[in-house]
Amino acid sequence: MVGDPLSDAMTTIMNAEKLGRKETVLKPASKLINDVLRIMQINGYVGEFEYIDNGRGGVFVVQLLGRINKCQVIKPRYPVKVKEIEGWESQTLPARDFGILILTTPHGVMTHTDARNKHTGGRLLAYVY
């Protein structure tokens, strides 16, 4: 039984990166995992990814670029106001402008810099650097 599909996906990516693999398979697939992978792809942490429907929820095949030092979900999913984003950035990321926080907001899933630019808060999902 799967406890948290996003946590399982991030752990699978991290383990595959440590082993030096070029691709990995994430299962089960979900819309949230798709959105997080899209954010990671836009920021250059993963390459192309593809959804494959296998009749049991589907899977994602993700191309790895070897650029991830650490990726992990943030539990519990803390609510964050715009003014608090910088504090969470300094608490979870190793350096300023190094890595991304991924938030879910009323405007969709986005990075902490996009949320700050749109002046919106949300809930913390994960971080990648």
Side-chain angles (χ1 to χ4, degrees):
M1 183 171 148
V2 179
D4 182 7
L6 181 60
S7 179
D8 293 345
M10 296 296 253
T11 302
T12 302
I13 290 172
M14 193 65 225
N15 289 341
E17 283 278 350
K18 283 182 182 178
L19 292 173
R21 296 206 173 128
K22 297 295 180 195
E23 72 176 26
T24 188
V25 177
L26 306 178
K27 55 186 173 183
S30 72
K31 187 175 178 183
L32 180 62
I33 294 173
N34 182 49
D35 292 343
V36 170
L37 286 173
R38 181 182 46 81
I39 296 291
M40 291 172 71
Q41 182 183 33
I42 289 169
N43 289 282
Y45 290 105
V46 297
E48 298 293 319
F49 63 93
E50 178 184 6
Y51 172 75
I52 299 173
D53 187 7
N54 62 2
R56 292 173 294 198
V59 297
F60 285 110
V61 178
V62 182
Q63 303 298 318
L64 301 175
L65 303 176
R67 295 185 182 159
I68 297 176
N69 295 316
K70 187 168 186 179
C71 63
Q72 192 170 358
V73 297
I74 299 172
K75 281 189 168 181
R77 293 188 174 146
Y78 293 104
V80 178
K81 297 177 183 174
V82 178
K83 296 175 185 176
E84 299 171 348
I85 291 176
E86 191 170 337
W88 279 98
E89 181 182 4
S90 65
Q91 186 176 344
T92 56
L93 300 178
R96 190 169 183 85
D97 296 329
F98 184 74
I100 57 171
L101 288 172
I102 301 173
L103 290 88
T104 180
T105 68
H107 303 287
V109 178
M110 61 182 69
T111 65
H112 68 283
T113 53
D114 293 338
R116 198 178 308 137
N117 292 340
K118 290 187 177 185
H119 200 71
T120 185
R123 289 194 174 264
L124 291 173
L125 291 178
Y127 62 89
V128 182
Y129 61 86

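Computation of the quantities below employed the complete heavy-atom set of this structure, encompassing side-chain atoms and omitting hydrogens, waters and symmetry-equivalent molecules. Only a predicted model underlies this, so the values are computations on that prediction, with no experimental measurement involved.
- Annotation: side chain to side chain donor-acceptor pair (under 3.5 Å) contacts of Glu23 (sequence neighbours excluded): Gln63.
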Please table the atom pairs, donor to acceptor, closer than 3.5 Å between any side-chain atom in residues 37-50 and protein atoms at least two apart or in another chain.
residue	atom	partner	partner atom	Å
Gln41	NE2	Gly47	O	3.4
Gln41	NE2	Glu48	OE2	3.4
Asn43	ND2	Ile39	O	2.8

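- Under the 4.5 angstrom side-chain criterion for Ile, Leu, Val, Met, Phe, Trp and Tyr, the cluster partners of Ile52 are Val25, Val59, Val61.
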Under 3.5 Å, side-chain donor or acceptor atoms of residues 122-129 against the rest of the protein: list the pairs with distances, not counting sequence neighbours.
residue	atom	partner	partner atom	Å
Arg123	NH1	Arg77	O	2.7
Tyr127	OH	Gln72	OE1	2.9

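- His119 is listed as a side-chain neighbour of Val82, based on a closest heavy-atom distance under 4.5 Å.
- Under the 4.5 Å side-chain criterion, counting only non-hydrogen atoms from C-beta, Lys75 is in contact with Asp4.
- In this structure, Tyr51 OH and Ser30 OG are separated by 10.0 Å, a value rounded to the nearest 0.5 Å.
- Transitive grouping of hydrophobic side chains (ILVMFWY, heavy atoms separated by less than 4.5 Å) keeps Val36 and Met110 in distinct clusters.
- In this structure, the separation between CD1 on Ile33 and CE on Met10 is 10.0 Å, given to the nearest 0.5 Å.
- With sequence neighbours excluded, the residues forming a side chain to side chain contact (heavy atoms under 4.5 Å, CB included) with Thr113 are Thr111, listed by chain and number.
- When hydrophobic side chains of Ile, Leu, Val, Met, Phe, Trp and Tyr are connected at separations under 4.5 Å, Leu65 ends up as a singleton with no cluster partners.
- Sorted by first and then second residue, the pairs that involve residues 104-116 and meet salt bridge (Lys or Arg N to Asp or Glu O under 4.0 Å), not counting sequence neighbours, are Glu89-Arg116.
- Applying the ring-ring contact (aromatic ring centres under 6.0 Å, His included) rule to pairs touching residues 67-117 yields Tyr78-Trp88, sequence neighbours excluded.
- A continuous path of Ile, Leu, Val, Met, Phe, Trp and Tyr side chains, each step under 4.5 Å between heavy atoms, connects Ile68 with Val109, placing both in one hydrophobic cluster.
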Next item on the list: Apply the test side chain to side chain contact (heavy atoms under 4.5 Å, CB included) to residues Leu103 and Leu101: give CA-CA distance (whole Å), side-chain angles for both, the deciding distance (0.1 Å), then the verdict.
Entry: CA-CA 6 Å; Leu103 290 88; Leu101 288 172; 4.2 Å; yes
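- Here Thr11 pairs with nothing under the side chain to side chain donor-acceptor pair (under 3.5 Å) rule; sequence neighbours left out.
- In this structure, Glu17 has no side chain to side chain donor-acceptor pair (under 3.5 Å) partners at least two apart in sequence or on a different chain.
- Between the CG atom in Asn117 and the OG1 atom in Thr120 there is a gap of 11.5 Å [rounded to 0.5 Å].
- Judged as a salt bridge (Lys or Arg N to Asp or Glu O under 4.0 Å), the pairs with a partner in residues 93-105 (not counting sequence neighbours) are, in order, Glu86-Arg96.
- For Lys118, there are no side chain to side chain donor-acceptor pair (under 3.5 Å) partners two or more places apart in sequence or in a different chain.
- Note that the CG atom of Asn34 and the NZ atom of Lys31 stand 9.0 Å from one another [nearest 0.5 Å].
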